[in-house]
Amino acid sequence: MSSTVITNIATLVTNDPSLGDNSPLGLIQDAAVVIDGDRVAWTGESSKAPATDNRLDAEGRAVLPGFVDSHSHLVFAGDRTQEFNARMSGRAYRAGGIRTTVAATRAATDAALEANLTRYLAEALRQGTTTFETKSGYGLTTADESRSLRIAAAHTDEVTYLGAHIVSPDYADDPAGYVALVTGEMLDACAPYARWIDVFCEKGAFDGDQARAILTAGKAKGLHPRVHANQLSYGPGVQLAVELDAASADHCTHLTDTDVDALASGNTVATLLPGAEFSTRAEWPNARRLLDAGVTVALSTDCNPGSSFTSSVPFCIALAVRDMGMTPDEAVWSATAGGAAALRRTDVGRIAPGARADLTLLDAPSHVHLAYRPGVPLVTGVWRKGVREL
């Protein structure tokens with residue numbers, strides 16, 4: 001292993017207030033960071049940087065932690081262009097559109113599914129994402145769910161079993177039978193490949209009682225809960241997530257004051273997914289309401305072929321600032337440290353001694369440019385585990 005110092009950083013986002021300006025972003029101006037092997041070894045003012053084996057001049061650019069995308073659906077096949085086109089012509093999004101992708105995914109080979117996954121991972125990496133979570137949920141049979149998770153587990157530790165995405169078309173007339181499958185044979189086959197269990201708690205998918213049964217069964221198998229909660233309507237998802245100490249409640253668009261209070265008093269992160277609202281013309285989540293209540297907020301892409309087909313965290317940051325009431329600082333924190341919190345990780349989402357050396361270099365002097373210059377490919381360098389990938 002060798003050490004590298006990156007100097008002449010105009011703005012370094014550490015996400016450690018003790019290292020910088022005492023803000024949540026822990027900003028250091030005219031900064032440097034030392035990478036030793038796969039870890040961050042030192043941060044501080046550029047003029048005080050220690051000697052290292054290698055030296056790189058950032059030339060007045062900004063450096064921030066690699067983005068932590070804590071919600072994606074990347075194991076799938078097929079295309080839903082026609083659905084998107086129709087929706088943009090006036091048809092509202094409904095959960096049933098998932099069935100189209102289920103049919104295509106079941107028909108795909110393992111090799112095709114993995115090629116699709118790695119394609120979108122490479123796309124995300126080019127945009128600064130160094131840690132990602134991804135889910136099953138487009139197979140909905142024991143064999144297809146377990147193979148989806150096996151393929152995903154070869155590329156990330158953050159794998160989520162989402163057999164409870166919708167009721168399988170094979171069980172359209174027997175939802176109780178499908179819940180029994182998801183909590184029984186399918187769970188047994190999928191648990192060895194997953195860290196998390198998720199459920200789409202929504203009208204047209206699974207109600208509160210079904211979701212509780214599914215998540216409780218997953219916990220008994222050692223999987224920790226996450227919940228698709230309150231996306232399309234008010235419902236029990238957020239309350240259930242907090243009750244079961246879920247790592248995150250994702251979407252959080254339709255919230256009561258009781259929901260907000262529950263999130264503020266618990267350990268569950270509210271993960272907001274603005275790509276879904278952008279792609280469905282749905283109501284935006286009110287990030288300002290959550291932040292002002294003291295809720296921990298994450299920002300993620302929800303990359304999936306139906307309702308949010310973007311792998312760009314920078315795009316989601318811009319949307320969150322423009323349409324969800326977040327400041328640029330809050331959005332960047334939520335896309336890095338917030339995502340790490342949603343995965344209950346302390347080794348990523350920050351640039352501090354001992355953290356994993358995941359860094360993103362922007363062709364801009366400040367992280368604010370991610371919202372200030374929306375749609376511009378600002379990411380010009382990416383390090384993951386200390387290795388420069390871009």
Side-chain angles (χ1 to χ4, degrees), residues 13 15 24-25 62 64-74 84 93 120-135 156 158 226 228-231 248-253 269-291 295-343 348-349 358 360 362 364 366-379 382:
V13 176
N15 285 339
L25 290 186
L64 62 158
F67 299 123
V68 181
D69 192 349
S70 61
H71 184 127
S72 73
H73 304 251
L74 298 181
F84 175 80
Y93 168 66
Y120 294 117
L121 293 183
E123 183 179 279
L125 181 69
R126 291 195 298 271
Q127 297 171 93
T129 297
T130 53
T131 302
F132 74 97
E133 176 268 5
T134 200
K135 310 175 192 293
T156 181
E158 304 298 344
R226 323 181 70 77
H228 281 62
N230 301 54
Q231 177 188 5
S248 65
D250 299 40
H251 289 289
C252 293
T253 304
V269 174
T271 299
L272 307 184
L273 309 165
E277 281 70 41
F278 177 87
S279 299
T280 61
R281 289 180 176 158
E283 178 182 342
W284 296 100
N286 188 341
R288 184 80 269 134
R289 179 187 184 192
L290 290 164
L291 291 163
V295 177
T296 300
V297 172
L299 275 181
S300 294
T301 63
D302 191 18
C303 187
N304 75 82
S307 62
S308 184
F309 204 6
T310 179
S311 59
S312 175
V313 173
F315 174 64
C316 292
I317 287 171
L319 291 179
V321 171
R322 169 62 177 81
D323 291 305
M324 287 164 44
M326 301 184 87
T327 68
D329 283 10
E330 289 167 340
V332 167
W333 189 95
S334 294
T336 51
L343 296 175
V348 296
D358 293 351
T360 295
L362 301 182
S366 168
H367 59 284
V368 177
H369 281 237
L370 290 165
Y372 179 43
R373 304 196 68 208
V376 177
L378 294 177
V379 175
V382 179

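Heads up: numbering here begins at 1 and tracks the sequence.
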| request: Scan residues 124-135 for pairs that pass salt bridge (charged side-chain N to carboxylate O under 4.0 Å, His left out), counting only residues two or more places apart or in two chains. | output: Glu133-Lys135, Lys135-Asp198
| task | Please report the C-alpha distance between Met326 and Ser334 in whole Å, then the side-chain angles of each, then the deciding distance to 0.1 Å, and finally whether the side chain to side chain contact (heavy atoms under 4.5 Å, CB included) criterion is met. | result | CA-CA 10 Å; Met326 301 184 87; Ser334 294; 3.3 Å; yes
| field | Side-chain (Ser300) to main-chain (Ser70) donor-acceptor, under 3.5 angstrom | value | yes
| task | Show your reasoning for whether side chain to side chain contact (heavy atoms under 4.5 Å, CB included) applies to Arg288 and Glu330. | result | CA-CA 10 Å; Arg288 184 80 269 134; Glu330 289 167 340; 2.8 Å; yes
| note | side chain to side chain donor-acceptor pair (under 3.5 Å) filter on Thr301, not counting sequence neighbours, yields Asp69
| task | Classify the side-chain pair Gln127/Ser311 by whether it contains a donor and acceptor separated by less than 3.5 Å. | result | yes
| query | Under the 3.5 angstrom rule, does the side chain of Ser279 hit a backbone N or O of Ala276 as a donor-acceptor pair? | reply | no
| field | Any donor-acceptor N/O pair, Asp329 side chain to Thr327 backbone, under 3.5 Å | value | no
| Any side-chain donor paired with an acceptor under 3.5 Å for Glu283 and Thr253? | no
| request: State which residue, out of Val297, Leu299, Asn15, fulfils the side chain to side chain contact (heavy atoms under 4.5 Å, CB included) condition with Trp333. | output: Asn15
| query | Can you check whether Ser312's main-chain N or O pairs, donor with acceptor, with Thr310's side chain at less than 3.5 Å? | reply | yes
| query | How are the rings of His228 and His251 set relative to one another: parallel (under 30°), tilted (30 to 60°) or perpendicular (over 60°)? | reply | tilted
